[in-house]
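Have a look at the structure below before the remarks.
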Amino acid sequence: MLYFDHNATHPVSAAARSAWLEAVERQIGNPSSPHRVGARADAALTAAREQLAARLGCGAGEIVWTSGATEGNNAVLYHAARSTDGEAWISAIEHPSTIAAVQRYFPQRHRLIPVNGGGVVDLDWLADRLKQARPGIVAIMAANNETGVLQPWREAAALCREKGVPFFSDAAQWVGKRASAGLGECDYMSGCAHKYGGPQGVGFIKCPNRLHPLIVGGPQEDGRRAGTENVAGVLAAVAALEERETALIATDPAGRLGWRTAFENQLTRELPGTRILGTGADRLWNTVSAVLPELPDCRQRWVVKLDKLGVAVSTGSACATGQEETSHVLTAMGLGPAEASRVLRFSSGWETTEADWQRLIEGLRRAFAEGTDRRRSA
Ligand code: PLP
């Protein structure tokens with residue numbers, strides 16, 4: 001199977017796998033237990049917390065382990081709603097977990113920050129509105145999961161800081177693909193391990209030392225998130241992150257970007273009518289979101305046809321797969337339902353090769369040609 005759906009989930013890396021195996025063998029205690037076996041597990045968690053905090057640029061005490069970014073986004077917005085009477089302003093292209101959390105915790109007091117046609121958050125809108133009002137929190141993700149478009153989170157954080165407004169960034173798609181340095185300067189941020197080669201079900205937030213906990217019933221994480229921590233998962237998550245951060249420094253990003261660009265050029269040449277989304281903006285090196293031409297055999301959807309040919313891609317965010325509704329991200333970028341229904345997302349991973357991108361082109365070419373042949377013979 002040719003796997004081009006890493007923004008949904010990335011296979012576990014070699015470093016994460018060995019860290020996890022070592023941890024389940026050696027760290028058998030509960031980090032909250034009063035004996036030395038427990039203390040050893042707690043010390044391992046602390047070391048991992050320090051390692052992650054050093055990467056993000058924040059204090060170790062500001063890290064809370066979670067089950068993933070969905071929980072992290074809920075936890076931050078739950079806390080924010082309990083801490084302020086103000087509004088939540090979130091970008092129109094946030095992950096569904098942020099949108100749903102805001103609808104639940106900030107009913108009647110949230111607004112969407114618009115994006116332009118290239119899928120970039122409108123900073124001028126934010127700067128103008130901040131002159132007129134003071135929201136309780138502003139949330140802008142670091143990189144969009146559907147288009148890979150990078151968002152101006154640093155600039156937005158600075159604007160908010162000037163006005164004394166708490167700023168939150170969901171960095172689930174950024175961490176492990178771009179250097180994490182600086183993310184710790186956001187008042188709140190969330191991340192998860194399974195988007196870059198750590199295990200599923202492990203994530204973290206950067207937050208203040210005191211937090212209204214979303215999950216209650218235990219003293220873990222300094223009372224900010226109850227429940228026994230996933231020690232092996234956390235150690236594997238941090239091992240994978242170290243591996244990625246090292247690779248980001250050691251390898252030339254032009255190489256990875258070059259494969260993506262070559263793919264896009266070939267795709268638009270071979271399948272006329274194809275439109276790549278977000279081309280005017282900086283994007284993640286691994287993500288291509290494209291409106292494809294109608295398949296000649298219009299009874300078949302691209303994603304199904306490619307799956308039959310052994311190529312796994314996505315129609316948008318993993319959470320939206322299978323739903324017939326138009327993606328809110330594509331709608332915010334101005335696409336109509338017909339065009340949005342022909343959007344495919346191709347997302348490579350750390351182990352994807354140049355040859356894999358070529359095989360992807362071949363798969364797309366075959367899917368298109370088969371439809372043409374069938375129409376001719378009909
Ligand atoms: N935020 C973004 C930007 C994502 O891409 C995802 C996953 O698709 C999430 C949040 C949810 O992450 P998790 O699967 O860890 O709950």
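First listed ligand is number 1; within each ligand, the first listed atom is number 1.
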Atoms in ligand 1 with a heavy atom of N145 nearer than 4.0 Å: 3 (C), 5 (O)
Atoms in ligand 1 with a heavy atom of D170 nearer than 4.0 Å: 1 (N), 2 (C), 3 (C), 10 (C)
R283/E264 ion pair, N-O < 4.0 Å: yes
Carboxylate-amine/guanidinium proximity below 4.0 Å for E242 and R55: yes
Ring geometry between F368 and W302 (parallel below 30°, tilted from 30 to 60°, perpendicular above 60°): parallel
With sequence neighbours excluded, residues passing side-chain contact (heavy atoms from CB on, under 4.5 Å) with D356: L2, F4, T352, T353, R359
Within 6.0 angstrom of D128 CG, more than 12 heavy atoms from elsewhere: yes
Ligand 1 contact on A172 by region, counting heavy-atom pairs under 4.0 Å: side chain
Atoms of ligand 1 close to T70 [distance to a heavy atom under 4.0 angstrom, numbered from 1]: 11 (C), 12 (O), 13 (P), 16 (O)
Within reach of ligand 1, part of M141 (heavy-atom separation under 4.0 Å): side chain
Close N or O approach (N7, ligand 1; < 3.5 Å): no
Element-labelled atoms of ligand 1 that are located less than 4.0 Å from some non-hydrogen atom of H194: 13 (P), 14 (O), 15 (O)
Enumerated ligand 1 atoms positioned under 4.0 Å from heavy atoms of G68: 15 (O)
Got a list of side-chain donor-acceptor pairs under 3.5 Å for residues 169-183, not counting sequence neighbours?
residue: S169; atom: OG; partner: I140; partner atom: O; Å: 2.8
residue: S169; atom: OG; partner: A142; partner atom: N; Å: 3.3
residue: D170; atom: OD1; partner: A172; partner atom: N; Å: 2.9
residue: D170; atom: OD2; partner: N73; partner atom: ND2; Å: 3.0
residue: Q173; atom: OE1; partner: K177; partner atom: NZ; Å: 2.5
residue: Q173; atom: NE2; partner: N7; partner atom: O; Å: 3.0
residue: W174; atom: NE1; partner: A179; partner atom: O; Å: 2.9
residue: K177; atom: NZ; partner: Q173; partner atom: O; Å: 3.2
residue: S180; atom: OG; partner: E245; partner atom: OE2; Å: 2.6

Atoms of ligand 1, numbered as shown, that sit under 4.0 Å from any heavy atom of K195: 5 (O), 6 (C), 7 (C), 8 (O)
Salt-bridge present (R345, E146; N to O < 4.0 Å): no
